[in-house]
There are 2 protein chains.
Amino acid sequence: MLHFGEMGSRWGINRTVGQVYALLYASQAPLSADEIVAALGVSRSNVSMSLKELQSWELVRLQHLPGDRRDYFSTPDDIWQIVRTLAEQRRKREIDPTLSVLRGLIVTQPGSEADEYAQQRLQQMHDLIELLVQWADEVQRLNTKELVQLLRLGSKVVGLLELKNKLPGLGRGLRRQPAETDAQPD
Amino acid sequence: MLHFGEMGSRWGINRTVGQVYALLYASQAPLSADEIVAALGVSRSNVSMSLKELQSWELVRLQHLPGDRRDYFSTPDDIWQIVRTLAEQRRKREIDPTLSVLRGLIVTQPGSEADEYAQQRLQQMHDLIELLVQWADEVQRLNTKELVQLLRLGSKVVGLLELKNKLPGLGRGLRRQPAETDAQPD
DNA sequence: CCGAACTTTCAGTAATTTTTGAAATTACTG
DNA sequence: CAGTAATTTCAAAAATTACTGAAAGTTCGG
């Protein structure tokens with residue numbers, strides 16, 4: 001648990017938040033705030049804040065047990081779902097704002113040659129981030145099984161790509177969203 | 001620049017370090033420590049420490065201009081190289097230690113049923129991280145052009161995968177490291 | 001609408017991290 | 001090798017972030 005607290009803090013996540021999440025993740029039954037307090041030895045209010053933070057990231061589920069007024073918290077069973085949520089939230093909070101800052105800087109009139117170079121560099125960064133985001137977006141939509149398959153394949157895909165180029169006639173069959181009209185070739 | 005300082009601190013990177021890197025990234029000519037001080041308005045010693053940090057991450061290159069005793073710093077021209085270095089370093093510093101902690105926990109004798117569940121969960125996490133790391137490793141080896149192609153392809157690869165399954169006879173042709181002997185099928 | 005059970009808020013304090021200036025070190029020049 | 005330029009180290013100050021206990025808030029059965 002401690003290790004995940006540490007790790008959290010290296011990735012910009014509060015230590016207690018990391019510990020609470022690790023605990024919930026590893027626990028089969030949902031836990032109440034008091035149980036977390038007992039397990040981690042931190043104050044009740046700290047746990048309350050950490051849970052609120054985790055809720056704002058949509059990383060925990062709040063549920064009630066019948067005949068019990070306390071809040072119980074748990075994490076999704078599918079760990080890939082956790083990864084998806086994490087990616088989605090980080091994107092919304094950090095990536096998207098960064099992209100808009102970059103876009104803002106790129107469209108301003110350069111005041112010097114140095115500015116021009118800087119803009120070109122920022123454009124590169126912008127395009128890179130956008131490419132990664134689009135990739136993540138698409139991959140996000142796959143179900144867990146397909147996702148694992150895709151990752152297992154790794155860079156071998158490049159080989160497949162060459163194959164595809166050699167067999168252009170099969171190209172159309174590969175599209176996930178078939179372009180029915182030939183009006184707009186890519 | 002300020003934005004990247006902020007962003008850095010959300011990802012576990014010191015604010016000044018982020019600003020220094022952003023400055024170097026956007027600058028065509030290599031910069032000396034004093035130039036960075038002038039541009040960012042932070043203390044000389046802070047810049048020195050930040051540069052040392054960046055050097056320890058292998059993210060900046062130190063070079064000397066002829067007839068000038070000062071150290072000049074710059075970033076790689078290829079932004080994908082930066083991403084590769086970043087991934088490599090984070091892996092070494094954070095992912096690998098986490099994997100060993102996980103392995104350590106997984107092999108201990110479970111003391112209870114709850115332990116058993118926890119171990120199973122940790123195993124899932126371990127396998128997930130390992131899969132991602134292996135994927136990253138393979139993709140890492142691609143050159144920039146291939147990498148971009150692969151990412152552009154995104155989840156369409158799943159479609160290719162299906163194609164491959166339909167044409168098993170072509171399978172061998174796809175390998176990057178051809179297995180010449182048929183002794184060890186996968 | 002009371003009171004018990006539970007949760008959240010918040011101001012103050014503690015802990016951690018970042019930044020700095022001064023001093024020490026290193027590297028180079030003539 | 002003395003002198004100077006450049007860099008690094010380090011202890012202390014400043015800033016930030018995390019944590020706590022006390023108090024306020026909420027919910028719900030009776």
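Proteins get letters first, then strands, A, B, ... in listed order; numbering begins at 1 in each. Values reported hereafter were calculated over all heavy atoms of this structure, with side chains retained and with hydrogens, waters and symmetry mates removed.
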Inset, instruction - Consider the side chain of B:Val42, meaning its heavy atoms from C-beta on, and name the nucleotide among D:dA6, D:dT20, C:dT20 that approaches it most closely. - result: C:dT20
Inset, instruction - Please report the C-alpha distance between B:Arg152 and B:Gln149 in whole Å, then the side-chain angles of each, then the deciding distance to 0.1 Å, and finally whether the side-chain hydrogen bond (donor to acceptor under 3.5 Å, both in side chains) criterion is met. - result: CA-CA 5 Å; B:Arg152 287 243 170 79; B:Gln149 262 191 330; over 6 Å; no
Is it true that the side chains of [X] and [Y] contain a donor and an acceptor less than 3.5 Å apart?
{"X": "A:Asp78", "Y": "A:Thr144", "result": "yes"}
{"X": "A:Thr108", "Y": "A:Gln119", "result": "yes"}
{"X": "B:Thr98", "Y": "B:Arg103", "result": "no"}
{"X": "A:Arg15", "Y": "A:Ser50", "result": "no"}

Legend entry - Whichever of A:Ser9 and A:Ala33 has its nearest DNA chain C nucleotide further upstream toward 5': A:Ala33
Legend entry - Toward the 5' end of DNA chain C, by each residue's nearest nucleotide, A:Tyr72 or B:Val17: A:Tyr72
Legend entry - Nearest heavy-atom neighbours spanning A:Ser27 and B:Tyr117: C-CE2, 3.6 Å
Legend entry - Minimal non-hydrogen separation, B:Ser56 against B:Arg93, with atom names: O-NH2, 3.0 Å
Inset, instruction - With B:Arg10 as the cation and A:Trp11 as the aromatic partner, state whether NZ or CZ is under 6.0 Å from the six-membered ring centre and within 45° of the axis. - result: no
Inset, instruction - Could you tell me whether B:Arg61 sits above the aromatic face of B:Phe73, with NZ or CZ closer than 6.0 angstrom to the six-membered ring centre and within 45 degrees of the axis? - result: no
Round to a whole Å and report the spacing from [atom1] of [X] to [atom2] of [N].
{"X": "A:Asp68", "N": "C:dA4", "atom1": "CG", "atom2": "C1'", "result": "14 Å"}
{"X": "A:Arg10", "N": "D:dA18", "atom1": "CZ", "atom2": "C1'", "result": "18 Å"}
{"X": "A:Glu53", "N": "C:dT8", "atom1": "CD", "atom2": "C1'", "result": "15 Å"}
{"X": "A:Leu62", "N": "D:dT26", "atom1": "CG", "atom2": "P", "result": "17 Å"}
{"X": "B:Arg70", "N": "C:dT26", "atom1": "CZ", "atom2": "P", "result": "22 Å"}
{"X": "A:His64", "N": "C:dA5", "atom1": "NE2", "atom2": "P", "result": "17 Å"}
{"X": "B:Asn14", "N": "D:dT16", "atom1": "CG", "atom2": "P", "result": "12 Å"}
{"X": "A:Glu6", "N": "D:dA18", "atom1": "CD", "atom2": "P", "result": "13 Å"}

Hey, what are the protein-to-nucleotides 27-30 of chain D N/O distances that come in under 3.5 Å?
| from | atom 1 | to | atom 2 | distance (Å) |
| --- | --- | --- | --- | --- |
| D:dT27 | O2 | A:Arg69 | NH2 | 2.5 |

Legend entry - Electrostatic pair B:Arg70-B:Asp34, nearest N-O below 4.0 angstrom: no
Inset, instruction - Return no unless some side-chain N or O of B:Asn46 is found under 4.0 Å from OP1 or OP2 of C:dG21. - result: no
Inset, instruction - Both distances under 3.5 Å, Watson-Crick or G-U wobble: on that basis, could you give the dot-bracket string for DNA chain C, with [ ] for crossing pairs and | for other-strand partners? - result: ||||||||||||||||||||||||||||||
Inset, instruction - Give the cluster check for A:Val42 versus A:Tyr25: same hydrophobic cluster or not, with ILVMFWY residues linked at side-chain heavy-atom distances below 4.5 Å. - result: yes
Inset, instruction - Would you mind classifying the nucleic acid contact of B:Thr16 as base, sugar-phosphate or nothing, using non-hydrogen atoms under 4.0 angstrom? - result: sugar-phosphate
Can you pull every protein N or O that's under 3.5 Å from an N or O on nucleotides 8-11 of chain D?
| from | atom 1 | to | atom 2 | distance (Å) |
| --- | --- | --- | --- | --- |
| D:dT8 | OP2 | B:Ser48 | OG | 3.1 |
| D:dT9 | OP2 | B:Lys52 | NZ | 3.0 |

Legend entry - CD/A:Gln63: more than 12 non-hydrogen atoms of other groups inside 6.0 Å: yes
